[in-house]
Amino acid sequence: SQRGEMKRVKGDEDACSSSSEGPTESCKKVRKLQPSKEKHQEEEEETDVDLCEFGFDWALLPQEILLNIFQFLPLLDRAYASQVCRGWNQAFHMPELWRCFEFELNQPASSYLKATHPDLIKQIIKRHSNHLQYVSFKVDSSTESAEAACDILSQLVNCSLKTLGLISTARPSFMELPKSHFISALTVVFVNSKSLSSLKIDDTPVDDPSLKVLVANNSDTLRMLKMSSCPHVSPAGILCVADQCHGLRELALNYHLLSDELLLALSSEKHVHLEHLRIDVVSENPGQHFHTIRKSSWDAMLRHSPKFNLVMYFFLYEDEFGPFFREEVPITHLYFGRSVSKDVLGRVGLHCPRLVELVVCANGLRPLDEELIRIAKRCTQLSAIGLGECEVSCSAFVEFVKMCGRRLSQLSIMEEVLIPDHKYNLDEIHWEVSKHLGRVWFPDMMPTW
Amino acid sequence: MVVNSVHWFRKGLRLHDNPALQEALNSADTVRCVYILDPWFAGSANVGINRWRFLLESLEDLDSSLRKLDSRLFVVRGQPANVFPSLFKEWNVTRLTFEYDSEPYGKERDGAIIKMAQEFGVETIVRNSHTLYNLDRIVEMNNGSPPLTFKRFQALVNRLELPMKPLPTITQEQMGSCRTKIADNHDEHYSVPSLEELGFKTQGLDPAVWKGGESEALERLNKHLDRKAWVASFERARINMCSLIASPTGLSPYLRFGCLSCRVFYYNLRELYMKLRKNCSPPLSLFGQLLWREFFYAAGTNNPNFDRMEGNPICVQIPWDHNPEALAKWAEGSTGFPWIDAIMTQLRQEGWIHHLARHAVACFLTRGDLWISWESGMRVFEELLLDADWSVNAGSWMWLSCSAFFQQFFHCYCPVGFGRRTDPSGDYIRRYIPKLKDYPNRYIYEPWRAPESVQKAANCIVGVDYPKPMINHAEGSRLNIERMKQVYQQLSHYRGLNNGSNLPLMGCRLMAPSSTILLVISLRAVMLGSDGQSEWFLLPTTHSSCHELHDCHDDLLSRAAVVCPFCHLTDHVVEVLWLPRYRTSMLSPLQGIDICMYAGVGTSCFN
């Protein structure tokens with residue numbers, strides 16, 4: 001009976017949607033709801049209707065309820081609602097609704113996305129800048145957009161931000177600004193916000209002096225700092241942050257800023273446990289030499305924050321890996337964005353006992369069999385692995401999965417990676433691996449086109 | 001009653017397995033085979049000279065095959081909507097036949113023509129033969145929305161009966177029984193135009209690597225099957241230098257123009273397999289490329305915005321960069337990465353590139369390096385690629401740019417390493433970029449790393465004779481991995497800053513269009529009563545075709561054994577639904593279903 005009824009609902013839906021688009025939307029809802037009297041949401045709908053019939057005055061809704069409702073509405077809907085009556089208009093401007101804002105700064109010529117309307121930006125600066133607490137700027141690839149973001153920042157004089165994010169959605173456009181312009185805008189926020197806790201300023205021209213301003217004003221509150229690829233910051237600059245900001249739990253930076261001193265500062269007694277450290281190792285010019293970090297510094301870090309995640313992204317040429325993985329490193333998440341040699345992966349198996357996640361985007365033409373098996377044996381926490389342009393023989397792969405077993409919650413292997421051998425072909429491997437994982441598994445595939 | 005048929009060729013440029021043409025001939029008094037093209041439009045359309053040449057050759061071939069049957073092809077100049085009324089009158093047409101076109105634009109055009117034919121009292125007969133399966137059937141079996149994963153698609157196809165058997169070629173007798181007088185001045189009005197007539201300059205044009213036409217297609221099919229029989233292995237072959245070069249057994253452009261029937265290909269493969277494998281029924285994987293084609297055709301058939309990001313319900317909105325200069329460098333093959341440039345040169349010169357080469361250049365243009373919209377790349381392919389079907393082209397681009405179809409995005413093809421792995425000697429590069437031919441193997445994929453002495457010895461200075469790399473790939477891919485994560489995090493909802501930072505690197509598998517909320521609904525309590533490890537059972541429902549929740553609920557109960565198309569689980573019953581935001585209020589009242597928001601994976605950050 002229920003089935004039959006369902007069919008009918010479906011039929012109605014079809015009839016409705018095929019007739020025309022927009023205007024039938026409301027009729028559709030009503031018609032769809034009718035056949036299912038036993039459903040609860042139906043009752044809700046009916047109560048609404050009743051309220052209207054009894055002449056309920058929507059304008060009398062208490063502010064806190066209105067606020068609650070408004071919080072769930074997108075800005076545009078709130079703006080429409082604010083035109084209904086005076087009460088709703090007042091509600092529209094309640095500070096609670098303006099704590100969090102994302103400025104989208106896009107030039108029509110360089111982005112597909114819509115931009116925050118300039119009038120709205122003016123409004124916010126005029127009426128709500130003192131309410132803002134969680135602010136982010138999304139900026140497209142044009143310098144004008146980055147400039148606009150800085151202009152807004154420098155007008156936020158009477159606000160105290162808790163989080164600030166500068167996000168370049170396409171190219172790192174903040175890098176194209178005159179450094180002084182960017183710095184003066186950023187320091188406005190640093191100086192005025194006394195309780196900044198999270199800061200994401202990847203790919204910006206932030207420099208040591210501006211970090212000093214940050215520290216001078218926000219050292220007690222800063223918890224998160226993300227500044228990957230900020231070429232104007234020196235190891236001393238970041239060390240000053242680590243020395244002063246004892247609440248720092250999350251830090252992202254490039255390898256050239258990482259030093260033994262930094263790790264020791266982060267593991268000082270005064271410092272809270274670090275939760276997350278992300279390091280990007282990017283080669284700026286071919287054949288670059290990278291410094292090493294002492295094992296004792298990593299050990300100190302680990303003693304201080306035994307649970308911290310160490311996430312490392314490598315974007316290096318194969319011949320630049322010399323200094324890495326020579327000694328034990330407490331890496332938990334490891335990403336190789338470019339081709340990495342068998343030798344390095346062998347060292348990973350030896351020296352990364354905390355490894356949880358491993359992604360190898362590419363490797364040479366020789367199968368990674370022994371390397372994977374060693375990783376399975378030594379990295380007892382490993383629960384996710386992704387392999388791109390590599391090769392692994394099917395039997396070694398099965399062995400790997402068997403050793404890791406069900407703790408492998410993510411297993412993302414491109415189909416081309418698996419090389420059939422005398423034991424398994426590609427059809428068999430999917431059964432064999434599924435068996436050891438305890439769930440059905442298939443390799444990832446790309447369309448043959 | 002006199003029956004005067006017109007068969008309208010569009011795709012399906014063949015006499016074998018052409019059901020609509022068979023209908024045209026069926027007890028007709030006269031039959032005219034028509035192709036309509038607008039020479040004025042040709043030059044301006046976004047179709048390159050190689051594609052036009054392939055088309056014209058296919059038409060020539062069709063005409064010469066028809067001649068052998070004492071008939072001719074009528075190439076009519078103009079637009080279908082303008083041309084048909086006068087043709088109907090002039091030829092006293094009573095029946096119009098054509099092959100079914102499943103693509104939204106084609107459906108619209110055909111709808112108008114059918115209506116017009118009705119007004120003229122002309123009967124229309126439409127037959128499906130460009131795809132193996134009836135795509136509407138597949139969509140219907142998938143609850144009204146196209147399957148969005150290939151596994152799901154395969155599961156549906158497995159439940160379908162085999163595709164229709166191909167029909168034989170048109171015979172002399174069939175044609176003879178409805179002989180149509182060919183006017184003496186036929187060529188004056190209806191000949192196949194030349195490239196010059198279409199406004200193309202043909203001076204210095206290289207001979208075609210891919211010759212259009214049904215005859216060539218059938219010859220290639222035989223060679224293709226011979227080779228398969230010779231190798232006697234149906235495993236996917238490992239790619240090497242040879243696979244990158246246009247092969248005399250390649251078939252994809254012929255399938256695109258319908259010079260070869262996909263059903264003929266399908267059944268030939270099937271029979272060969274069964275002959276060699278002692279009547280084993282062939283696995284679906286045997287038909288890989290054919291099925292991928294069907295998959296994308298099915299995905300696009302009801303989605304007029306399938307070829308763009310905006311307004312496309314299955315496409316993730318990604319803030320691509322607008323960068324015409326970079327796009328031009330990519331399209332012209334002057335990126336400074338020999339692997340990318342060689343591929344783009346081959347594409348421009350010959351009209352075909354290997355599918356892994358497509359992956360390489362598509363990844364480079366979009367998520368891998370340049371961060372330019374897949375739509376721009378798709379348009380370049382549309383112009384240059386002989387086998388660019390609208391659906392397959394758009395679908396593959398969305399796939400490769402991680403804009404749809406549930407991709408892992410952790411892996412970007414490296415514009416240096418990928419090529420080197422495929423062809424370590426670099427001969428492919430030397431073939432298409434002769435400037436680099438004297439570079440030693442070691443540097444041929446990254447000439448900018450060669451010492452000056454080597455560059456001088458090779459007579460090709462990077463930055464002078466060959467461009468410097470237009471982007472630092474390491475930096476570019478680092479940025480883009482982050483960009484992708486931002487996009488996907490936003491889709492899977494903001495987790496806030498304090499939710500810990502356990503971050504899988506691979507990003508999330510699941511995504512929904514931005515106007516939707518992703519919900520994971522566990523039905524375990526209802527379904528199994530067991531408390532196994534939590535796994536997902538998914539029903540691919542996009543918001544565009546979202547069912548009422550009680551609808552889904554019931555549907556799920558009846559489909560407990562269906563394999564999950566995302567992670568392929570059979571025995572767990574958790575479901576992911578994409579619901580428009582306003583629907584979420586309806587979830588709570590349902591008993592026995594615990595609901596949790598899918599928190600998403602990836603770095604917690606700003607949103």
Side-chain angles (χ1 to χ4, degrees), chain A residues 2-3 6 9-10 32 36 39-41 109-113 136 140-141 163 165 167 169-172 198 200 203 224 250 275-276 280 282-283 286 309 311 313 315-316 333 335 337-339 357 359 361-362 365 384 386 388-389 410 412 414 420 427 439-442 444-449, chain B residues 150-151 235 283 288-289 292 296 309-310 317 319-323 355 358-359 371 373 392 396 399-400 408 410-414 417-418 421 449 474-475 477-479 481-483 486 497 500-506 533 535 548 550-551 554 563 567-570 572 585-586 589 605-607:
Chain A
Q2 210 197 348
R3 272 225 77 101
M6 253 189 46
V9 180
K10 256 191 191 162
K32 275 159 111 182
S36 50
K39 292 286 179 257
H40 299 252
Q41 69 266 20
S110 56
S111 179
Y112 294 81
L113 303 183
S136 58
D140 68 3
S141 60
T163 74
I167 298 164
T169 55
R171 266 179 281 168
S198 302
K200 178 177 160 64
D203 300 296
M224 185 188 102
E250 212 172 318
E275 285 167 12
H276 189 70
D280 285 22
V282 185
S283 114
N309 284 319
V311 181
Y313 278 62
F315 297 93
L316 296 184
H333 298 73
Y335 178 97
R338 313 188 63 167
S339 183
E357 238 183 75
V359 175
C361 288
L365 280 169
E389 297 152 48
Q410 279 213 69
S412 173
M414 295 297 293
D427 289 327
R439 57 191 161 90
V440 183
W441 177 87
F442 282 98
D444 290 349
M445 53 178 144
M446 294 293 261
T448 341
W449 174 23
Chain B
F150 192 58
K151 278 276 173 297
E235 299 281 337
Q289 211 150 349
W292 277 107
F296 287 122
M309 178 168 85
E310 221 176 321
Q317 308 295 301
W320 303 112
D321 195 8
H322 253 299
N323 190 341
H355 79 262
R358 298 173 197 208
H359 295 181
W371 200 255
S373 168
V392 183
S396 303
W399 184 298
L400 294 172
Q408 295 277 16
F410 72 84
H411 160 234
C412 293
Y413 291 101
C414 171
F418 185 30
R421 269 170 54 80
R449 292 189 82 188
E475 187 57 32
S477 52
R478 182 195 72 80
L479 277 169
I481 286 271
E482 292 306 304
R483 310 280 104 101
Q486 274 170 30
L497 292 169
S501 333
N502 182 23
L503 3 144
L505 300 167
M506 295 187 229
Q533 199 167 351
E535 302 290 0
E548 287 293 309
H550 46 90
D551 205 324
D554 193 276
V563 178
C567 47
H568 327 295
L569 305 172
T570 40
H572 296 274
S585 61
M586 305 173 67
C605 161
F606 296 84
N607 195 301

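Quick caveat: nothing in here was measured; it's all calculated off a predicted structure. Lettering follows sequence order; numbering is per chain, from 1.
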Given that the side chain runs from C-beta out, which part of A:S339 has a heavy atom under 4.5 Å from chain B: side chain, backbone, both or neither? neither

With a 4.5 angstrom heavy-atom cut-off, could you sort out which part of B:W320 is near chain A: side chain, backbone, both or neither? both

Evaluate side-chain contact (heavy atoms from CB on, under 4.5 Å) for B:L479 paired with B:W371, printing each intermediate quantity in order. CA-CA 9 Å; B:L479 277 169; B:W371 200 255; over 6 Å; no

Is A:D140 close to chain B through its backbone or its side chain, or both, or neither, when contacts mean heavy atoms under 4.5 Å? neither

When the 4.5 angstrom heavy-atom criterion is applied to B:F296 and chain A, the contacting part is side chain

Evaluate the ring planes of B:Y413 and B:H359, with Trp represented by its six-membered ring, and classify them as parallel (under 30°), tilted (30 to 60°) or perpendicular (over 60°). tilted

Given heavy-atom pairs under 4.5 angstrom as the criterion, report whether the side chain, backbone, both or neither of B:R483 touches chain A. side chain

Ring geometry between B:W292 and B:F150 (parallel below 30°, tilted from 30 to 60°, perpendicular above 60°): parallel

Which atom pair, heavy atoms only, marks the closest approach of B:A474 to A:S283? CB-O, 4.4 Å

Per-residue tally against chain A (heavy atom, under 4.5 Å) across B:S477, B:G288, B:S396 peaks at B:S396

Contact between A:D203 and B:E475 at the side-chain level, heavy atoms closer than 4.5 Å - yes or no? yes

